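See structure below.
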Amino acid sequence: MSFGEIVRTLADVLTSSRGIVPIAVVAGATILAPIIDRYVIRRRRVIYRELYNSKIGLNPVTLSDSDNGAVQADPELVRTVQLLEPLSVVVIRIRNTGSFDIGPDDWEHPLQFTFGRRVVWDARVSDAKDGLREVVRNGLEFFTHDQPTPENGTARLSGVRALLPQRLTALLRQADAPAAAAPQWHGVRLEQLSLKRREKFKLVVVLREPDDWRGGPLSKELDVTGRLSGGRIKDERKQRWLSWPVVTGAIGVLLTGALLSMLLVAVSRGSEPGCGNGSLAVHGSSAFAPIMNSVATEYQKLCPGATITTQADGSVSAVRELGPLPAEQKDSMAVLSDGKASDAGPDLVTQPVAVLVYSLVVNSPVGVDRLSNEQVRGIFNGKYTNWAQLREGPSIPIRVVGRGQESGTRKTFEQKVLGAAEPGLSSDDCRTPTRDPHATVVRCERGKTDELLRAVGDTPGAIGYADVPAAKIAAAGGRVAMAKLDDRYPDVTSIDAGYRFWTVEYLYTKGVPENDSLLKQFLDYLRSSTARAELQDAGYTPCVTKQGLLDQYCTRPDA
């Protein structure tokens with residue numbers, strides 16, 4: 001199997017009902033993974049961020065804001081500034097961003113901060129609620145890198161504060177050689193730390209460079225250690241935006257969207273009609289027969305047990321054929337009618353299928369692309385017999401190509417445009433009045449739409465009518481031209497503007513079909529999204545919308 005075939009097979013599986021379950025499982029797992037990680041596996045989280053780590057900022061040489069620029073500082077101040085120059089400040093923000101409170105028992109190893117060789121002089125807690133401030137202060141412990149001894153080990157904040165004056169005094173007295181016996185604390189530890197969910201505080205630490213520091217840049221080392229049971233400690237600045245919880249969550253959302261789409265498709269497919277078995281004949285309108293034959297062909301591809309034949313024998317004659325059909329054969333036949341049949345009996349049931357718009361068609365060399373309703377009536381009643389009477393140009397006799405009396409298209413034309421019956425049949429060849437030499441109008445008839453269009457294209461000066469999809473195909477050949485009626489283009493969008501040459505295509509059955517019959521299944525198929533799409537592609541407006549309602553034009557009284 002090639003790679004392309006493998007991909008296609010996988011795509012078919014994933015887009016079928018079989019693929020819904022694995023996609024649902026993967027989508028659920030990817031969405032739940034970060035949730036489980038946060039609320040079950042690592043439900044406690046402490047985030048810290050180094051907000052400030054720099055020297056205090058005093059300059060031992062220029063201590064003047066004189067407008068004349070930098071001047072030599074007072075010698076009495078230089079020594080004091082030199083004592084303060086090695087000092088630096090570190091500000092660390094600590095937050096509980098987890099889903100649970102953190103208590104003292106949740107720490108396997110306490111959170112502690114060290115600063116390289118810098119010595120801790122003081123520390124304070126800020127930006128914390130009063131209760132939290134006291135908890136942190138009471139658990140704050142200072143420690144050294146060396147092994148603890150009674151003289152040089154660990155101390156609480158109170159002890160550090162008690163020694164601070166002594167250490168400052170020693171520095172002021174011996175700027176170049178601090179007292180060797182002074183404690184050398186290099187880190188701070190947060191013992192017994194308790195943080196409620198979303199609580200935070202800032203730890204401010206004052207540091208001094210080691211005794212052997214002889215100037216130059218201050219060090220900025222900061223090391224953090226600690227271990228939280230069932231959680232993690234993270235540097236906020238090092239957190240990646242594209243972390244695995246974000247990735248898995250995004251994948252889960254995408255898969256959920258795909259799953260919903262597949263479910264909608266599955267529901268849509270599930271609403272499609274089923275397959276019927278047996279034979280069905282659909283007779284009637286020659287205008288609508290081609291598209292009905294195409295729809296029937298697609299249905300038979302889906303349902304191999306169905307055999308559907310179509311026959312274009314005219315709307316009127318088909319309805320008459322359906323009427324006397326025996327009851328035992330009522331589900332074996334349906335008929336198409338352009339507009340409602342006036343002679344349909346009470347036992348015939350109808351349903352609208354599509355909006356059917358017609359167009360006037362003229363032999364192309366005539367050079368006419370628009371006619372008024374009055375001019376059309378004049379052509380058919382013999383008032384106008386030459387195209388020179390209607391437009392500037394050469395003299396061309398007018399010949400009318402009409403449909404027979406069994407045609408629903410002719411009935412619509414007579415009702416909507418002429419307001420009267422077409423003139424009698426006077427010609428067979430559509431050129432000379434061989435049937436009635438004294439006839440004012442040269443008029444021939446053709447039994448089917450395609451035959452009429454062919455006759456109009458072959459006959460100089462001919463005029464006729466046909467449904468718009470068929471007329472467009474004929475016009476593309478160049479021998480037939482479509483003509484506007486009262487300056488309105490033949491299209492469903494022109495109906496509201498007053499275009500009158502249109503109707504609704506109806507399908508008649510003898511009574512209500514049985515539920516398990518092929519006729520019932522095929523009628524349901526005509527309302528499906530598949531059939532609607534095929535009708536639209538062919539240029540027709542389906543009567544049943546995608547919401548399952550009737551289109552507005554299919555319910556109008558003038559349809």
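Worth saying up front: this structure is predicted, and the values here are computed from it rather than measured.
In summary, D106 and R227 do not engage in a salt bridge, as defined by a charged side-chain N under 4.0 Å from a carboxylate O. The pair R370-D487 counts as a salt bridge, with a side-chain nitrogen and a carboxylate oxygen less than 4.0 angstrom apart. Under the 4.0 Å criterion applied to side-chain N and carboxylate O atoms, K520 and D516 are not assigned as salt-bridge partners. Checked for salt-bridge contact, E199 and R95 miss the test: no charged N lies under 4.0 Å from a carboxylate O. The pair E298-K301 meets the salt-bridge criterion, with a side-chain N (NZ, NE, NH1 or NH2) lying under 4.0 Å from an Asp/Glu carboxylate O. The pair R93-E50 does not meet the salt-bridge criterion, since no charged nitrogen lies less than 4.0 angstrom from a carboxylate oxygen.
Side-chain atoms of S88 and R118 form a donor-acceptor pair, as typed in the model, at a separation below 3.5 Å. Residues Y499 and D486 have side chains that never bring a donor and an acceptor to within less than 3.5 angstrom of each other.
Panel note: side chain N293, backbone A289; no donor-acceptor pair is recorded below 3.5 Å. One N or O on the side chain of D101 and one on the backbone of R197 form a donor-acceptor pair closer than 3.5 Å. Remark: the backbone N or O of A531 is not paired with any side-chain donor or acceptor of E534 at under 3.5 angstrom. Put simply, the side chain of D467 gets close to the backbone of A470: a donor and an acceptor are under 3.5 Å apart. Although no hydrogens or angles enter the test, the distance criterion places no donor-acceptor pair under 3.5 Å between the side chain of S517 and the main chain of P513.
The six-membered or imidazole ring of Y540 lies near that of F288, with a centre-to-centre distance under 6.0 Å.
Distance CG/L190 to CH2/W107: 7.5 Å, rounded to 0.5 Å.
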- Determine, stepwise, if the pair R49 / D235 fulfils salt bridge (Lys or Arg N to Asp or Glu O under 4.0 Å). CA-CA 6 Å; R49 183 180 181 91; D235 185 345; over 6 Å; no
